[in-house]
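Heavy atoms only: backbone and side chains are in, while hydrogens, waters and symmetry mates are out. Reminder, nothing fancy here: chain letters follow the sequence lines and each chain counts from 1.
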Number of protein chains: 2
Amino acid sequence: MKLKTNKLKEFRENNEMTQEELADRVGVTRQTIISIENGKYIPSLPLALKFAKVFKCKVEDLFEV
Amino acid sequence: MKLKTNKLKEFRENNEMTQEELADRVGVTRQTIISIENGKYIPSLPLALKFAKVFKCKVEDLFEV
DNA sequence: ACTATACGTAAAGTGTACTTTACATGATGA
DNA sequence: TCATCATGTAAAGTACACTTTACGTATAGT
């Protein structure tokens, strides 16, 4: 399955956060953030839920099928 | 990573849907539904987004980290 | 008794999310 | 010119989401 929308990078930049800061906050490596932002991988559900918490938004605001 | 909450079964039953109906609607097998409802597996993000669409709710209503 | 329906388990295979490590590049500033 | 910061690529390994197939069981209807 693929995603239609992935606004992770957009949200991260709007929140003036580096990839490393975000990685630390959600508990993954920087490479994982890079891979997701660049569309190499789709995040797992728990990771997507953590992103939404960090950005105080809904999962659906970040990702769409 | 683990989920704190998984209300898939609850939502499915409240919507009077069988596991097979739900499986068909989101495009997976019945075994996948069973495994997720019984906590064997955490759904992928695209699948979680589809569940939320079917039940007209937010991903966060169904699953919590 | 027989059949269909809904739910469940088991096991082997495939694809991919995520990790770890290492190296490369452009921008910024001392 | 040199160092630092932020971003990116590459590759090998591990864990697990999901599929497929087959079998088991309880319930309800005829």
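- Side-chain atoms of A/Thr32 lie closest to C/dC18 of the nucleotides C/dT9, D/dT19, C/dC18.
- Using modelled atom types, one finds a donor on one side chain and an acceptor on the other under 3.5 Å when comparing B/Thr29 with B/Thr32.
- Closest contact between the side chain of B/Ile34 and the listed nucleotides D/dC18, C/dG8, C/dA17 involves C/dG8.
- A donor-acceptor pair under 3.5 Å links the side-chain atoms of A/Glu60 to the main chain of B/Val59, judged by distance alone.
- With A/Asn6 contributing its side chain and A/Leu8 its backbone, the two residues share a donor-acceptor pair below 3.5 Å.
- Counting only Watson-Crick or G-U wobble pairs whose defining distances are both under 3.5 Å, the stems of 3 or more consecutive pairs in DNA chain C are C:1-30 with D:1-30.
- Ranking D/dG8, C/dT9, C/dT19 by closeness to the A/Glu37 side chain, first place goes to D/dG8.
- Residue whose closest nucleotide on DNA chain D sits further toward the 5' end, between B/Arg30 and B/Ile42: B/Ile42.
- Considering only side-chain atoms of A/Leu47, the nucleotide from D/dT9, C/dC18, D/dT20 that sits closest is C/dC18.
- Between D/dA6 and A/Arg12, no contact under 4.0 Å exists linking OP1 or OP2 to a side-chain N or O.
- Looking at the side chain of A/Gln31, the nearest of the listed nucleotides C/dC18, C/dA22, D/dT7 is C/dA22.
- Listed candidates were D/dT9, C/dT9, D/dC16. Nearest to the side chain of B/Tyr41 is D/dC16.
- Within the structure, the ring-ring contact (aromatic ring centres under 6.0 Å, His included) test picks out no pair touching residues 19-52 of chain B (sequence neighbours left out).
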